[in-house]
Amino acid sequence: MTTPSQHTPTPAPPAPSDFIRDIVAAHVAEGRYPRIHTRFPPEPNGYLHIGHAKSICLNFGIAREFGGVCNLRMDDTNPAKEDVEYVDSIMADVNWLIDGWAGDRLGMKPLGATPQAIESNGRKDYFLPPVVGQGGGAKLEPFYASDYFDEIYEYAVALIEKGRAYVCDLSPQDTDSYRGAPDRPGKESPWRERGIAESLDLFRRMKAGEFPDGARTLRAKIDMTAPNVWMRDPVLYRIRHTEHHHTGAKWTIYPMYDFAHCLSDYLEGITHSICTLEFEVHRPLYDWILESLALPRPLPHQYEFARLSLAFTVMSKRKLLQLVNDKVVTGWDDPRMPTISGLRRRGVTPEALRHFAYNIGITKYNGITDLAVLEHAIREDLNRRAWRRLAVLRPLKVVLTNYPEDKTEELDAVNNPEDPAAGSRRIPFGRALYIDADDFMETPPPKYFRLRPGGEVRLKYAYIIKCDEVVKDAAGKIIELRCTADLDSKAGGATAGRKIKGAIHWVSAAHAIDAEVRLYDRLFTVAEPDAAGDFKEHLNPDSLEVLTAKCEPALREAKPELRYQFERLAYFALDPASAPGKPVFNRTITLRDTWAREKQKG
RNA sequence: UGCCCGAUGGUGUAACGGUAGCACAACAGACUCUGGAUCUGUUUGUCAUGGUUCAAAUCCAUGUCGGGCAGCCA
């Protein structure tokens with residue numbers, strides 16, 4: 001037995017090319033920016049999912065490929081929906097996904113840091129540079145849009161002073177009806193031409209908390225007849241007497257996404273602000289705000305790509321939250337969830353997720369990615385790293401009638417045929433064994449080459465056995481097989497080279513350890529669960545099956561950071577809920593099963 | 001039906017006016033002490049109609065289909 005490792009990373013695919021990277025490459029070529037600077041800006045109102053993983057891989061991938069930086073920023077402008085639990089999970093998930101890959105590109109900031117007043121091109125300016133690559137030993141934290149509320153407020157005042165924003169007293173309902181519709185122009189607010197001094201005063205009093213929620217808003221003065229509804233005097237600030245998870249009770253007014261986001265990008269010196277397609281119609285507003293403020297440094301620009309849609313999966317945070325709240329799953333990190341934490345708990349590695357993200361590409365086309373693409377990336381990765389182990393999920397007892405009662409021997413078995421450096425272990429063998437019930441059929445169909453009455457099969461790493469007798473209980477259920485072993489057929493033996501079509505896995509009954517195994521399957525039965533109607537009507541009732549497996553003793557030392565292949569079955573990872581002597585294995589993904597396909601063909 | 005965006009095999013993506021390629025899937029075979037992995041091969045595609053051009057997936061026009069936009073959400 002050697003001391004092996006699992007350090008056989010799947011070779012990284014070549015850096016991808018896509019329309020956004022083409023733009024960045026052109027900017028690098030023309031020397032447009034001193035440094036490429038992207039950001040990943042989730043709202044802390046839920047856990048990150050595999051769609052976010054696509055965005056993380058894009059933003060950090062660009063930083064990595066072009067020698068830039070990617071800031072992690074909490075886009076926390078709506079205190080009603082956000083929570084520190086989500087902030088913590090986001091940091092953990094991002095770090096897990098980029099560690100050892102783009103961890104050295106991660107932009108954070110010193111704990112408590114806020115934008116510094118500086119002078120740029122002879123004008124007053126604010127700037128908050130990143131600390132890159134988490135080093136230095138200093139206490140760091142992610143960026144928070146809410147750390148910019150002072151500056152954003154000041155920018156709002158500047159907009160009012162320029163006559164480009166006004167305080168509006170319209171009720172939420174009236175604001176809505178005045179906006180018009182996509183095919184119908186809006187109507188100007190009666191407060192639109194209110195004097196600058198009056199707006200300034202009212203805005204100051206909004207900040208002071210003098211007015212109740214919804215009483216007034218700050219609005220940009222653009223064009224109520226614009227064909228793009230987001231240019232119809234959009235709300236910039238709203239009143240919310242709500243405590244914020246990061247700023248506490250300091251504020252009673254909060255900036256809207258459109259106002260805060262472009263300014264956050266600017267304050268951090270972002271060059272390429274990459275988001276999903278639904279923000280495409282917001283881009284004119286993004287540019288309008290920054291240009292109206294006549295800021296002294298180069299402006300960031302927004303680029304949009306198609307979000308990920310995965311077959312048999314729901315991706316909206318609202319729906320995922322519903323699954324959690326309705327206890328359809330055990331939590332955000334349930335291994336059936338498409339969340340990063342769920343995939344991690346299931347046993348998927350960061351490498352597999354990154355390779356998946358690379359393989360699906362970046363476009364502006366809203367397609368649905370086949371689950372097989374994800375599954376392939378997972379299998380490809382796990383095949384290279386997972387240690388092979390023998391485990392029997394549905395035990396059927398086998399007694400070797402010609403094998404001595406009291407004899408035990410130990411057989412050599414390699415840990416990973418893909419990786420000689422992974423070494424080997426010994427597996428105990430004895431007279432009484434378990435094999436999987438699926439590996440025996442009394443009256444098998446054609447092309448079945450596992451065990452059958454009178455037939456032979458190879459016990460992996462051990463002997464060739466022949467089935468002599470099928471023992472049944474009173475109900476006719478098969479409870480035991482009585483077999484004889486070809487005692488010369490193990491490795492090195494005289495008949496070891498005999499060609500036997502089938503090789504099956506097994507464990508020694510006397511040495512087997514029990515383990516709980518959780519067999520996960522897709523959560524939904526249809527490819528597009530949220531295409532129409534209630535997505536919960538398409539839940540897969542068999543998305544989880546729990547069994548007690550018989551495992552080879554080496555699995556007693558299973559480690560949560562390692563991956564295992566139960567030979568001929570599936571890849572498994574130890575669940576964090578495991579206790580000493582009470583292992584729990586999550587099935588990450590089954591092996592490809594061409595026999596199952598063959599059977600289906602009938 | 002106002003504005004914006006998109007359309008390449010079954011799915012996802014490449015080709016940037018010059019041979020339609022890759023991945024996944026599917027199928028067939030080789031190999032195999034995992035019906036795994038690996039290897040070989042095969043099938044299937046430029047939304048439509050015009051135009052520009054020696055040459056169009058690519059440029060232009062029109063149409064068709066799909067997606068997005070009317071939160072004081074992000």
Ile360(A) has an atom CD1; how far is it from atom P of rC22(B), in whole Å? 21 Å
Look at Arg592(A) together with Glu375(A) and state whether they make a salt bridge at an N to O cut-off of under 4.0 Å. no
If you go through the side-chain atoms of Gln565(A), does one of them form a donor-acceptor pair with the base of rU34(B) closer than 3.5 Å? yes
At 4.0 Å (heavy atoms only), tell me whether Lys81(A) reaches a base, stays on the sugar-phosphate, or touches nothing. base
Let me know the distance between CG of Leu236(A) and P of rA74(B), rounded to the nearest Å. 12 Å
If you go through the side-chain atoms of Glu280(A), does one of them form a donor-acceptor pair with the base of rG6(B) closer than 3.5 Å? no
Please give, in whole Å, the distance from rC5(B) P to Asn366(A) CG? 14 Å
May I ask you to say what Arg458(A) touches in the nucleic acid, namely base, sugar-phosphate or nothing, with a heavy-atom cut-off under 4.0 Å? base
For rG71(B), glycosidic torsion class - syn if within 90° of 0, otherwise anti: syn
Between atom NE2 in His282(A) and atom P in rC73(B), what is the gap in whole Å? 13 Å
With a non-hydrogen cut-off below 4.0 angstrom, is Leu277(A) in contact with a base, only sugar-phosphate, or nothing? nothing
Is any NZ, NE, NH1 or NH2 atom of the basic residue among Glu43(A) and Lys81(A) found under 4.0 Å from an Asp or Glu carboxylate oxygen of the other? no
Do Arg568(A) and Asp436(A) meet the salt-bridge criterion of a basic N to acidic O distance under 4.0 Å? no
Counting the atoms with a prime plus P, OP1 and OP2 as sugar-phosphate, which does Arg184(A) contact under 4.0 Å by heavy atoms, base, sugar-phosphate, or nothing? nothing
Taking the P atom of each, how far is rA28(B) from rG66(B), in whole Å? 36 Å
Just call it for Ala372(A): base, sugar-phosphate, or nothing, with non-hydrogen atoms closer than 4.0 Å on any strand. sugar-phosphate
When the P atoms of rU52(B) and rU58(B) are considered, how many whole Å apart are they? 15 Å
Salt bridge check, Arg73(A) against Asp265(A): does any charged N sit closer than 4.0 Å to a carboxylate O? yes
Taking 4.0 Å as the cut-off, does a side-chain nitrogen or oxygen of Lys499(A) come that near to OP1 or OP2 on rC33(B)? yes
State, to 0.1 Å, how close Leu320(A) and Val314(A) come at their nearest heavy-atom pair, and which atoms those are. CD2-O, 3.7 Å
Throw together a table of side-chain donor-acceptor distances under 3.5 angstrom for residues 178-187 of chain A, partners on residues two or more places apart or in other chains.
{"from": "Arg179(A)", "atom 1": "NH2", "to": "Asp176(A)", "atom 2": "OD1", "distance (Å)": "2.6"}

Just call it for Pro42(A): base, sugar-phosphate, or nothing, with non-hydrogen atoms closer than 4.0 Å on any strand. nothing
Ignoring hydrogens and angles, answer whether the base of rG35(B) and the side-chain atoms of Arg597(A) contain a donor-acceptor pair closer than 3.5 Å. no
Please say whether more than 12 non-hydrogen atoms of neighbouring residues, nucleotides or ligands are located less than 6.0 Å from CZ in Arg192(A). yes
Please determine if Asp381(A) and Arg385(A) form a salt bridge, counting it only when a charged side-chain N lies under 4.0 Å from a carboxylate O. yes
Which of these nucleotides, rC33(B), rU8(B), rU11(B), is closest to any side-chain atom of Tyr365(A)? rU8(B)
Under a 3.5 Å cutoff on both atom distances, Watson-Crick or G-U, what's the dot-bracket for RNA chain B ([ ] crossing, | other strand)? .((((((..((((....[..)))).(((((.......)))))....(((((..]....))))))))))).....
With the side chain of Asp370(A) defined as its heavy atoms from C-beta on, choose the nearest nucleotide among rG6(B), rG36(B), rG10(B). rG10(B)
Taking any heavy-atom pair under 4.0 Å as a contact, classify Arg240(A): base, sugar-phosphate, or nothing. base
Pick base, sugar-phosphate or nothing for Asn78(A), based on heavy-atom distances below 4.0 Å to the nucleic acid. sugar-phosphate
rA74(B) base stacked by Tyr257(A)? Criteria: ring centres under 5.5 Å, plane angle under 30°. no
Assign Thr363(A) to base, sugar-phosphate, or nothing according to its heavy-atom contacts below 4.0 angstrom with the strands shown. sugar-phosphate
Would you indicate what Leu374(A) reaches in the nucleic acid, counting non-hydrogen atoms under 4.0 angstrom: base, sugar-phosphate, or nothing? nothing
Please confirm whether any donor atom in the side chain of Asp176(A) sits under 3.5 Å from an acceptor in the base of rC72(B), or the reverse. no
Just call it for Thr217(A): base, sugar-phosphate, or nothing, with non-hydrogen atoms closer than 4.0 Å on any strand. base
